[in-house]
Amino acid sequence: MEYNFKEIESNWQKYWATNKTFAAKDGGDKPKYYVLDMFPYPSGAGLHVGHPLGYIASDIVARYKRHKGFNVLHPMGYDSFGLPAEQYAIQTGQHPKITTEQNIARYREQLDKIGFSFDWDREVRTSNPEYYKWTQWIFIQIFNSWYNNSSNKAENISSLITEFEANGNTKVNAVCDEDVKQFTAAEWKAFSEKEQSDILMAYRIAYLGEAYVNWCPQLGTVLANDEIKDGVSERGGYPVERKLMKQWSMRITAYAQRLLDGLDSLDWTESLKEAQRNWIGKSEGTSLKFKVSNSSLITHHSSLHIEVFTTRPDTVFGVSFVTLAPEHELVTSLTTPENKAAVEAYVTQAKNRSERERQADVNKITGVFTGSYVIHPFTGKQVPIWIGDYVLAGYGTGAVMAVPAHDSRDYGFAKHFGLPILEVVAGSANGTLSEVEGSYDAKEGKLINSDFLNGLEVKEAMKKAIAEIENQGLGKGKINYRLRDAVFGRQRYWGEPIPVYYKNDIPYALNENELPLVLPEVDKYLPTEDGEPPLARAASSWKYEGKYDYEHSTMPGWAGSSWYFLRYMDAANGSAFTSKKLTDYWQQVDLYIGGSEHATGHLLYVRFWTKFLKDLGYIAIDEPAKKLINQGMIQGRSNFVYRLSPLFRYSELETDKVNLPVMFVTKSLHDKINTNSLSDFEKNNIKEQSIINFKLLNPSAKEEEIGFLNFKSHALHVDVNIVQNDVLNQAAFMASRDEYKHAIFFTGEIEDYICGHEVEKMSKSKYNVVTPDDIAEKFGSDTLRLYEMFLGPLEQSKPWNTNGITGVHGFLKKLWRLFYSPLQGGAQGAGDVALNISNDEPTKAELKTLHKTIKKIAEDIERFSFNTSISNFMICVNELTDAKCNKRAILEPLLICLSPYAPHITEELWKQLGHNESISTAPFPIHNEEFLVADSVNYPVSFNGKVKFTLELAATLTSQEVEAIVRANEQTIKFLDGKEPKKVIVVPKKIVNMVV
RNA sequence: GCCCAGCUGGCGGAAUGGUAGACGCGCUGGUCUCAAACACCUGUGGGAAACCGUGCCGGUUCGAGUCCGGCGCUGGGUACCA
């Protein structure tokens with residue numbers, strides 16, 4: 001009887017599916033445990049071995065928790081709206097829905113083969129109308145909400161309207177647009193519907209507002225930053241410009257502080273939390289107004305001033321100029337006639353540079369003088385106003401007070417344009433700023449040259465400066481965040497329609513009973529000729545009540561994924577996004593596993609929506625996931641062949657006319673041939689080099705036979721599936737392409753053709769993709785699962801290398817033999833042997849092996865150290881094999897411990913032991929300390945390499961007893977170097993911890 | 001530049017401050033076989049040995065891969081954020 005993994009695995013997969021073994025119950029006595037994977041986008045390429053890594057880890061935890069008596073929710077679904085299917089639709093005309101369904105079918109097939117314990121009854125697909133109906137519903141809730149700073153949460157917009165009707169907006173403390181005008185209750189009532197709508201829009205959390213976006217006119221769409229390379233679109237290479245556009249956005253900035261605070265309560269890695277903190281980018285400072293002094297301008301603008309934001313109010317006396325962003329609204333009015341031409345040229349140039357481009361050459365200092373001045377609020381001196389693109393329009397006020405002595409960017413600008421540098425913090429070593437040193441940015445030192453701040457430490461100076469600024473009404477303490485509102489509209493087809501229609505130019509949200517607003521059919525998936533989104537193509541027939549236009553943008557990719565963890569709790573609910581009862585039961589995700597690339601995207605948005613839904617009372621939790629683990633990426637290991645191509649030919653031999661065959665050299669020859677660059681060839685004797693290279697290829701050739709032909713070679717990816725241990729399967733390679741049919745291989749000293757290799761991203765184009773199907777076919781899914789976990793720590797990135805897989809596969813075979821081999825007379829090959837299980841009492845040594853394993857495995861799983869736990873299984877099975885132990889009392893608990901890792905083989909063997917129930921319902925065994933103490937330990941301890949003593953322990957002691965013995969031995973330890981023994985003792989680490 | 005993570009045999013990697021290198025791969029030698037594959041058993045950080053060994057320098061400690069200070073390198077994130 002052999003370990004026939006193919007039959008075993010397909011049988012058990014069928015069994016689990018028909019019996020719904022892993023369906024979660026919505027309640028009961030057991031404690032709940034929610035294990036979630038980040039759901040995949042079903043791409044056309046299918047899964048490669050890297051994708052299931054996180055799923056295997058979460059499945060192990062899910063299965064383990066079931067054994068431990070938890071009611072486990074472990075669902076899976078698809079993030080099925082997205083760009084690739086749409087791109088494919090544009091090229092082929094095939095509806096993205098069809099592409100997506102095909103891809104999902106393929107994913108499902110692959111996932112099933114690995115033997116995951118997902119509860120498929122709860123599957124969600126973000127592109128299903130039954131699902132996105134509720135994504136739209138949540139959008140409407142957000143649209144109908146405003147953020148009340150007083151209660152510090154989102155509230156329904158009706159409470160705001162009530163307030164407007166009673167008191168106007170003067171007492172409202174809300175997160176809203178900056179330019180909202182003040183009005184009274186009477187004024188509010190007098191506003192037209194359009195005016196009221198516009199005002200409310202400035203308060204809504206989902207709002208239509210102006211935002212700078214990357215606009216590509218040729219493609220007719222907004223592009224995300226990662227779709228732009230060097231200022232042109234990645235696709236097509238068209239120029240991209242920054243454009244102020246009306247866009248749907250979400251006021252995520254209202255939640256900035258709560259998103260920051262919430263991190264403290266989460267069990268996420270520090271690096272991930274830090275990434276979110278940096279992204280939110282809180283900075284505390286103050287706003288400060290500078291009055292414009294030009295007499296010529298003042299006639300038009302009697303109280304013109306520039307407001308800046310600074311985190312260093314203490315350095316206010318060091319201000320030597322003020323810089324505006326090129327987009328700053330006052331640029332035009334502040335420019336004097338003599339500077340007009342230069343400023344306009346500069347602004348136009350800056351406008352045409354994308355933000356990315358601008359960031360690319362940050363070292364290049366550019367700027368222009370406006371000709372105007374502001375008055376320094378404390379010194380009364382004239383301070384010039386400059387324009388510079390190192391100031392960003394979107395952050396703070398779009399204007400900075402430049403203190404070149406204490407800010408490196410201001411310093412660079414001042415140096416470049418010869419502006420004065422005034423030192424106000426004595427911090428540098430000699431107390432004065434030297435020319436070469438650059439700015440002194442540290443927030444340490446005493447203030448100088450600063451009037452009323454002189455002599456104060458930076459921190460005190462900050463407080464005093466802010467107090468004085470507030471006192472004189474020049475500005476006030478302020479907190480700024482780097483986080484921007486999230487742009488929500490996309491000019492795409494394959495996404496959720498935004499459930500809004502326009503009536504008399506006023507946007508209205510649909511009613512709940514009108515959802516879902518189903519994605520309409522279109523003839524083409526491209527934008528219209530006049531730049532409207534693809535949905536505009538359906539507009540003639542797709543109208544609200546047959547006459548009002550719908551919003552033509554769709555939602556971004558992150559919409560559907562921002563709440564899916566809630567839908568799994570109640571996936572079939574037709575009357576609510578999920579019922580309160582079930583969110584109360586399942587609460588937070590207990591363990592969330594996914595890639596770290598979502599650190600500042602998905603993981604921020606899902607936290608935002610969770611907090612929002614809590615504010616409105618729909619759910620009770622504030623954070624989506626308590627514990628989060630980022631699995632590492634599995635990279636591909638690419639192989640290369642090196643093709644020769646002629647570099648120089650000597651016309652004397654007329655080798656030009658020779659029809660050269662396709663030739664390849666091995667890695668080592670490639671390295672030798674290409675050591676010299678082209679210019680070196682020219683410098684040296686080409687003929688000589690040719691001979692050297694030719695001899696490398698053909699050592700036996702005589703000199704006079706050598707044609708004067710020189711070569712270079714270049715690397716080509718070769719399919720890793722026809723390479724084994726870097727040795728090329730030449731026959732398979734020659735058969736792979738017509739061109740290679742008669743290829744010649746130069747292999748040097750050895751016979752095999754050795755390929756080069758490199759670790760790269762796993763991708764089709766690099767021919768380095770290994771699929772889980774290939775592995776399962778050869779070794780089985782249990783082996784695949786074990787091997788992926790055995791590869792190394794879960795959170796670490798690592799290259800895939802199939803070489804070591806025989807180790808874990810051999811382990812499973814060995815386990816199988818514990819049940820089937822007669823366990824005597826040594827190894828028998830394929831000898832047909834029967835199931836051979838004994839009911840004998842296990843020996844103490846066998847029990848020790850088992851209990852040691854139970855303890856370690858449980859600990860390993862609890863700390864997500866799956867690789868070490870597999871090692872511990874191997875040790876266990878090796879010991880049992882050595883002991884020829886085929887006893888039920890040992891093997892039965894062992895199978896339960898192993899079943900989270902290798903569910904198929906353990907189910908099968910469990911059945912062989914006579915159980916009718918699935919192993920997944922068996923309780924996890926409990927280890928017995930009694931068996932864990934060593935029989936006898938000799939443990940040499942040395943101090944300073946001089947004193948040694950040996951600790952000997954009797955058999956079967958508890959850790960307390962061992963500790964007592966060690967304490968009793970205290971006086972035997974003396975130090976030869978005369979030192980007093982401080983704390984004493986050392987105990988064998990495998991028995992007890994250090995005793996203090 | 002800033003932030004984070006890491007650096008241990010030929011390789012992937014183990015080690016609550018307590019015998020560094022568990023476990024696996026690879027490699028040695030052997031058993032089985034006509035032979036190969038499979039399987040099983042041996043050995044395997046370096047060194048003849050004394051000893052030396054966890055990126056480098058220093059510190060704390062009876063004792064450091066582990067803790068502290070500094071440096072170097074690798075990988076990741078992020079960036080004119082005032």
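Here is how names work: the chains are called A, B, and so on, in the same order as the sequence lines, proteins then strands, and each is numbered from 1.
- Spacing between atom CG of A/Asp860 and atom C1' of B/rC23 amounts to 12 Å, rounded to whole angstrom units.
- Using a 4.5 Å cut-off on side-chain heavy atoms (C-beta onward), A/Val319 and A/Val403 make contact.
- B/rC27 and B/rC38 have their P atoms separated by 11 Å, with the value rounded to a whole Å.
- One finds no side-chain N or O of A/Ser408 lying less than 4.0 angstrom from the OP1 or OP2 phosphate oxygen of B/rC80.
- Within the structure, a side-chain polar atom (N or O) of A/Arg817 is placed less than 4.0 Å from OP1 or OP2 of B/rC40.
- A close approach under 4.0 Å does occur between a side-chain nitrogen or oxygen of A/Tyr395 and OP1 or OP2 of B/rA82.
- Searching all strands for a Watson-Crick or G-U wobble partner of B/rC51 with both distances below 3.5 Å returns B/rG46.
- Comparing the P positions of B/rC40 and B/rG24 gives an interatomic distance of 11 Å, to the nearest angstrom.
- Within the shown strands, B/rG10 is the pairing partner of B/rC25 under the Watson-Crick or G-U definition, both distances less than 3.5 Å.
- Between A/Met789 atom CE and B/rG13 atom P the separation is 14 Å, expressed in whole Å.
- Of the C1' atoms belonging to B/rU33 and B/rG43, the separation is 24 Å, rounded to the nearest Å.
- Among the heavy atoms of the strands lying under 4.0 Å from A/Ser871 is at least one base atom, whether or not backbone atoms are also near.
- Residue A/Val400 places its side chain closer to B/rA82 than to any other of B/rA22, B/rA82, B/rC38.
- Base-pair partner of B/rG69: B/rC57 (Watson-Crick or G-U wobble, both distances under 3.5 Å).
- Among the protein residues, A/Asn867 comes within range of the sugar-phosphate backbone only, with heavy atoms under 4.0 Å from sugar or phosphate atoms but none that close to a base.
- A salt bridge is absent between A/Glu859 and A/Arg863; no separation between the charged side-chain nitrogens and carboxylate oxygens falls under 4.0 Å.
- At least one side-chain heavy atom of A/Leu419 sits less than 4.5 Å from a side-chain heavy atom of A/Trp386.
- Per the geometry, NE2 belonging to A/His809 stands 12 Å off C1' belonging to B/rA39, to the nearest Å.
- Base orientation for B/rG47: anti, the chi torsion being more than 90° from 0.
- Put simply, CD on A/Glu859 is 15 Å from C1' on B/rA14, counting in whole angstrom units.
- To the nearest angstrom, C1' of B/rG13 lies 14 Å from CD1 of A/Ile634.
- For the pair A/Asn878 CG and B/rA22 C1', the computed distance is 12 Å after rounding to whole Å.
- Considering only the side chain of A/Lys798, B/rG13 comes nearest among B/rC3, B/rC81, B/rG13.
- The NZ-C1' distance, from A/Lys761 to B/rG76, rounds to 14 Å in whole Å.
- Here the separation of B/rC68 from B/rC4, taken at their P atoms, is 14 Å to the nearest Å.
- Here the separation of B/rC32 from B/rA39, taken at their C1' atoms, is 9 Å to the nearest Å.
- The residue among A/Asn801 and A/Ser283 whose nearest nucleotide of RNA chain B lies closer to the 5′ end is A/Asn801.
- Residue A/Thr397 holds its OG1 atom at 11.5 Å from NZ of A/Lys289, rounded to the nearest 0.5 Å.
- Within 4.0 Å of A/Gln796, counting heavy atoms only, lie sugar-phosphate atoms of the nucleic acid but no base atom.
- Comparing atom distances between the A/Phe790 side chain and each of B/rG12, B/rA22, B/rA82 picks out B/rG12 as nearest.
- Of all nucleotides listed (B/rC25, B/rA82, B/rC41), B/rA82 comes nearest to the side chain of A/Thr311.
- For B/rG18, the paired base is B/rC62 (Watson-Crick or G-U wobble, both distances below 3.5 Å).
- Taking atom C1' on both B/rG55 and B/rG65, the two are 12 Å apart, rounded to the nearest angstrom.
- Under the Watson-Crick or G-U wobble criterion, with both distances below 3.5 Å, B/rG1 is paired with B/rU78.
- For the P atom pair drawn from B/rG9 and B/rU54, the interatomic distance equals 9 Å after rounding to whole Å.
- Classification of A/Arg277 and A/Asp264 as a salt-bridged pair holds, one side-chain N sitting under 4.0 Å from a carboxylate O.
- Separation of the C1' atoms belonging to B/rG77 and B/rA82 is 22 Å when rounded to the nearest angstrom.
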- Query: Could you walk me through whether A/Leu791 and A/Glu788 pass the side chain to side chain contact (heavy atoms under 4.5 Å, CB included) check?
  - Reply: CA-CA 5 Å; A/Leu791 224 43; A/Glu788 293 228 359; 5.6 Å; no
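- A donor-acceptor pair is defined here as one N or O able to donate and one able to accept, closer than 3.5 Å; such a pair exists between the side chain of A/Asn630 and the backbone of A/Gly594.
- Among the heavy atoms of the strands lying under 4.0 Å from A/Pro793 are primed sugar atoms or P, OP1, OP2 only; no base atom is included.
- Separating the CD1 atom of A/Ile857 from the C1' atom of B/rA14 is a distance of 14 Å, rounded to the nearest angstrom.
- The backbone N or O of A/Asp441 sits less than 3.5 Å from a side-chain atom of A/Arg312, completing a donor-acceptor pair.
- Both A/Ile805 and A/Leu272 lie close to RNA chain B; mapped to their nearest nucleotides by heavy-atom distance, the more 5′-ward contact belongs to A/Leu272.
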